[in-house]
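Remember, predicted model here, so these are calculated numbers, not experimental data.
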Protein chains: 2
Amino acid sequence: MPPKRTLTLRDVSEASGVSEMTVSRVLRNRGDVSVDTREKVQAAAKRLGYVPNKIAGALASQRVNLVAVIIPSLSNMVFPEVLTGISDVLDDTPLQPVVGVTNYRPEKEESVLYEMLSWRPSGVIIAGLEHTEASKAMMRNAGIPIVEIMDVDGEPIDAMVGISHRRAGRKMAQAIIKQGYKRIGFMGTKMPLDHRARKRFEGFTEALAKEGLEVADQEFYSGGSALRKGREMTEAMLKRTPDLDFLYYSNDMIGAGGLLYCLDQGIKVPQTIGLAGFNGVELLEGLPRMLASMGSERNEIGRLAAQIIARRAAGAEASPDDSIELSPKLQFGDTLKRRNS
Amino acid sequence: MPPKRTLTLRDVSEASGVSEMTVSRVLRNRGDVSVDTREKVQAAAKRLGYVPNKIAGALASQRVNLVAVIIPSLSNMVFPEVLTGISDVLDDTPLQPVVGVTNYRPEKEESVLYEMLSWRPSGVIIAGLEHTEASKAMMRNAGIPIVEIMDVDGEPIDAMVGISHRRAGRKMAQAIIKQGYKRIGFMGTKMPLDHRARKRFEGFTEALAKEGLEVADQEFYSGGSALRKGREMTEAMLKRTPDLDFLYYSNDMIGAGGLLYCLDQGIKVPQTIGLAGFNGVELLEGLPRMLASMGSERNEIGRLAAQIIARRAAGAEASPDDSIELSPKLQFGDTLKRRNS
DNA sequence: CTGAAAGCGCTAACAC
DNA sequence: GTGTTAGCGCTTTCAG
């Protein structure tokens, strides 16, 4: 049975006959240490299987190389991609991401934030601009860089990186109108707490209104297999409102379900009915037709957010460049353009 | 500008006129404190916006309520579900999951493990049974519960929860044979480091061999959209080996791509060609036909692993019950059964 | 290049 | 009920 107590610097010090302080220097590659002692120490540490105690280190140095990343969900395809962007950038720094999930619940966000801040991370990357007052207060008082991501329709506490979902909704509406579609149905999540979906919808209806149009039918879902929901909602909606000529989905997964349904039914896409989703997920590439969509720049958002944190952690001052609006790119795919050009 | 220094217990103590020790008791709900002082302290803490320093707390108490969760990937659908199971269980305890991702690379796993262990977590949940020698040594020496998940084909360091992928592969092969299929193609990931996929394949070929059969064609991919890869590989394989009557995919996503391709081509499924995937993901429910698959019990694995950690953290001893083999369930869907029953 | 001393902010253990 | 005293294991700082 291995030792119950875990090893300390002192154990390595004793095993190598070098002072704790010098052992510490070697293990952190700090300061000048003679090659001789360095090797002696490393050998001893390795032999004993010493793992440093970051808790003690952090307390003494007042430095923690953790970055809190707070997101609403992991099952959304979207957030893992953001995380990938963050990881890729932080891999080149001493910083490490720590992920917390809120399930789209503000109170849960608040408690996750509290937990994470109590570990004194070097920075926070958090999805969205909407938070409880208590959460905002905590972030303002934390004294560390805070980057709010995904959305730029609002005022950041510190820095922000994202796209304007309102603008994205408008842009999609305009593209649809330009193709001559007029009877438009909308399907999306029920979640009142998905502010970004809400903003897209608002931008969408707003742009339709400007052309004297409005959403002819709409339906919202929650939970379950998004692909199947898309299929089911599409069927229900087309039965209820048969004269629709376009279906706009608030995410690609339900859009894909809708597309599969239409193809199944032999509905001519995009002649009889046009379709579009949102997010530009990889999945679309494997469908029989490529669903029109709008990329949400997830990886890039993650990268940029991580860069801001890294820069600040390295001593940079807050700067106006720390608020970045990316432009979502419209992908026509095969389901939006009615004629050539 | 808010204070640069973050607040300490002492600040709360001074603001409330109560000793640090008692403040600490109140904030942790420990021991008996008069209602009076309790309220005074809570008011002061709230007013100041005090966030406790867990680093100092952990150092002093030698207790860290973090559970390290180490998985190969987040973009796999599968692991987020495991995490959900873990979170659900830990939510009822003082423990908190901290996630690390290895990208299927053993050296990365080793470094992630080292980083996490240096924070002295209360336990480790780690995917798979294959690790570098150094990783195994670290886990053996950590003096905390270690639960290896997903797979049970091997010897655990401490506890394990999962399914036998070898057995899963065999079971699928037997089901396929029973339906009378004989010319079987296999498609999967190239990754030599996905040990579970490898074991499934081994079990699969082994069971075929027992009936005098072998895989008639096979193809491996890496990277890119799995759905599209499934489509492309299926097309390539059917052109190369047109007499195949069954396609076994190592995951549902490529299986779904293959299914969509077959339907597109008007191939009769499951009469002319049968299909099956692996994992039993939700996505399947939305496809035009339900792909045959085998559930990998992801949520349950997460739940059980978390329960083992929670039990041990609460003082329980290691027990043989801490090694659990779950049975994957075969789902015939619409693509495996040729005739009724 | 190496070592000694003094905490980091909190909590365990005990006294009052 | 509440306060006091020692550290937890490391790093910072300053001497040598």
Counting only side-chain nitrogens and oxygens, does [X] get under 4.0 Å of the OP1 or OP2 atom of [N]?
X: A/Q62; N: D/dC10; value: no
X: B/S19; N: D/dT4; value: no
X: A/Y50; N: D/dG9; value: no
X: A/T8; N: D/dG9; value: no

Could you tell me how far apart [X] ([atom1]) and [N] ([atom2]) are, to the nearest whole angstrom?
X: B/L59; N: D/dG9; atom1: CG; atom2: P; result: 7 Å
X: B/R10; N: D/dG3; atom1: CZ; atom2: P; result: 14 Å
X: B/I55; N: C/dT11; atom1: CD1; atom2: P; result: 13 Å

Can you give me the bend angle of the helix from C/dC1-D/dG16 to C/dC16-D/dG1? Use the axis through the first five pairs and the one through the last five, nearest 10 degrees.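 Taking five pairs per end, the axes differ by 30°.
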
Using a cut-off of 4.0 Å on non-hydrogen atoms, how would the nucleic acid contact of B/N53 be classed: base, sugar-phosphate, or nothing?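 Sugar-phosphate contact only.
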
When you check the gap from the basic side-chain N to the acidic O, do [X] and [Y] get nearer than 4.0 Å?
X: A/D91; Y: B/K108; answer: yes
X: A/R311; Y: A/D322; answer: yes
X: B/K54; Y: A/E115; answer: yes

Just by protein heavy atoms under 4.0 Å, how would nucleotides 11-16 of chain D read 5' to 3' in B, S and -? BBB---

For a quick check under 3.5 Å, do [X] and [Y] share a side-chain donor-acceptor pair by atom type?
X: A/R38; Y: A/S34; value: no
X: B/T8; Y: B/R10; value: no
X: B/T84; Y: B/S87; value: no

Report the nucleotide, chosen from C/dT2, D/dG3, C/dG9, that has the shortest atom-to-atom distance to any side-chain atom of A/S34.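 Taking heavy atoms from C-beta onward, the closest nucleotide is C/dT2.
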
Atom pair CD1/CE of B/I146 and B/M138 - distance to nearest 0.5 Å: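 Atom-to-atom, B/I146:CD1 and B/M138:CE are 10.5 Å apart.
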
Kindly compute the distance separating CG (A/L90) from CZ (A/R303), expressed to the nearest 0.5 Å.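 Answer rounded to 0.5 Å: 10.0 Å.
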
B/G31 or B/R120, whichever maps to the more 5' nucleotide of DNA chain D: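 So the residue in question is B/G31.
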
Side-chain donor-acceptor pairs under 3.5 Å in residues 64-75 of chain A, sequence neighbours left out?
{"residue": "A/N65", "atom": "ND2", "partner": "A/P94", "partner atom": "O", "Å": "2.9"}
{"residue": "A/S73", "atom": "OG", "partner": "A/S75", "partner atom": "N", "Å": "3.1"}
{"residue": "A/S73", "atom": "OG", "partner": "A/S75", "partner atom": "OG", "Å": "3.3"}

